[in-house]
Amino acid sequence: MRTPLVAANWKMHKTRAEATAFVEAALPQLTGLDGVEVVVCPAFTALETVGRLLAGSAVRLGAQNLHWEREGAFTGEVSAGMLAELGCTYVIVGHSERRRLFGDTDERVRRKVRAAFDAGLVPILCVGETLEERQAGQTESRVAGQVAVATADLSADEVAHLVVAYEPVWAIGTGQAATGQEANRVIGLIRQHLRHRFGPAADAVRIQYGGSVTARNAAEFFSQPEVDGALVGGASLNPHEFAAITRTARR
Ligand code: PGA
């Protein structure tokens with residue numbers, strides 16, 4: 001059975017002081033939870049602080065982005081090796097905000113996924129359709145296409161460790177979450193595509209839902225057989241709400 005993974009994506013929120021206050025409030029509630037894995041993804045500037053506070057706990061550290069090269073003249077960028085050195089286990093790759101605002105194409109996402117594995121990090125690969133794509137009946141082709149390109153260089157062994165976050169773009173930060181059933185349907189399709197390409201390794205891949213997940217609607221998603229946890233944005237900024245979501249995800 002797959003252990004669900006609940007990840008906090010803080011985006012560009014929380015200074016080091018605010019991140020410290022969050023961990024101090026959340027960690028007692030996140031300690032000793034069986035049947036769920038928890039990840040916190042702060043901004044780069046708070047990674048070291050949060051990593052230090054989480055050390056010795058079961059809560060993992062993740063970053064929100066990386067560059068695909070190991071080093072070089074890439075002003076403002078951060079490499080996978082730098083994140084691994086800070087104690088990151090996970091890194092979010094291809095978030096729709098990065099795709100929409102910062103030029104992360106499918107091809108760049110592929111290179112970032114490769115770079116993450118090469119440095120020993122586990123990518124949380126974000127995929128999802130826009131409202132226009134959904135209305136044009138292109139949800140499956142868009143999502144399958146994103147997954148196919150992003151995993152093009154991976155071995156079945158690597159894929160078995162991959163985390164995918166299905167995040168319909170229209171559901172992110174809008175309060176308009178998908179239904180549990182719809183999330184389950186698309187996640188099932190993603191798994192089928194992975195199975196077709198990588199065989200039984202697909203059954204080990206954790207595929208999360210993301211997009212306006214809150215403590216109130218979390219159970220609707222986590223009760224679905226294909227949904228292996230959530231990538232949580234806005235609701236992850238509050239330690240009590242985030243802890244409540246992680247408790248709901250336990251299997
Ligand atoms: P949201 O963001 O929970 O605020 O909708 C999710 C995400 O962007 O990962």
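Any value given below was found using the heavy atoms of this structure, including those in side chains, with hydrogens, waters and symmetry copies removed. Both counts, for ligands and for their atoms, begin at 1 and track the order of listing.
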TODO: Could you tell me how the ring of Phe22 sits relative to the ring of Phe242: parallel (under 30°), tilted (30 to 60°) or perpendicular (over 60°)?
DONE: tilted
Atoms in ligand 1 with a heavy atom of [X] nearer than 4.0 Å:
X: Gly233; value: 1 (P), 2 (O), 3 (O), 4 (O), 6 (C)
X: His95; value: 7 (C), 8 (O), 9 (O)
X: Gly173; value: 1 (P), 4 (O), 5 (O)
X: Ala171; value: 5 (O)
X: Gly211; value: 5 (O)

Open item on the list: Main chain of His67, side chain of Lys112: is a donor-acceptor contact present, judged purely on distance under 3.5 Å?
Closed with: no
Open item on the list: Which Ile, Leu, Val, Met, Phe, Trp or Tyr residues join Trp170 in one cluster when any pair of side-chain heavy atoms under 4.5 Å counts as a link?
Closed with: Leu131
Open item on the list: Other members of the hydrophobic cluster containing Phe102, with the 4.5 Å side-chain heavy-atom rule, please.
Closed with: Leu101
Task: Distance-only polar pair, side chains of Tyr166 and Glu129, donor-acceptor under 3.5 Å - done: yes
Open item on the list: If only side-chain N and O atoms count, and only distance matters, is there a donor-acceptor pair under 3.5 Å linking His95 with Gln64?
Closed with: no
Task: Single hit among Arg111, Arg114, Arg108 for salt bridge (charged side-chain N to carboxylate O under 4.0 Å, His left out) with Glu69 - done: Arg111
TODO: May I ask you to test the Glu140-Arg185 pair for a side-chain heavy-atom distance under 4.5 Å?
DONE: no
Closest protein heavy atom to [atom], given as residue, atom name and distance to 0.1 Å:
atom: atom 2 (O) of ligand 1; answer: Lys11 NZ, 3.3 Å
atom: atom 4 (O) of ligand 1; answer: Gly234 N, 2.8 Å
atom: atom 9 (O) of ligand 1; answer: Glu167 OE2, 2.7 Å

Open item on the list: Heavy-atom pairs closer than 4.0 Å: do any link ligand 1 to the side chain of Ile172, the backbone, both, or neither?
Closed with: both
Is the shortest N/O to N/O distance between [X] and ligand 1 below 3.5 Å?
X: Ala235; result: no
X: Gly210; result: no
X: Ser212; result: yes
X: Val232; result: no

Task: Gap between atom CZ of Arg197 and atom CG of Leu154 - 0.5 Å precision - done: 8.0 Å
- [ ] Determine whether any heavy atom of Ser96 lies closer than 4.0 Å to an atom of ligand 1.
- [x] no
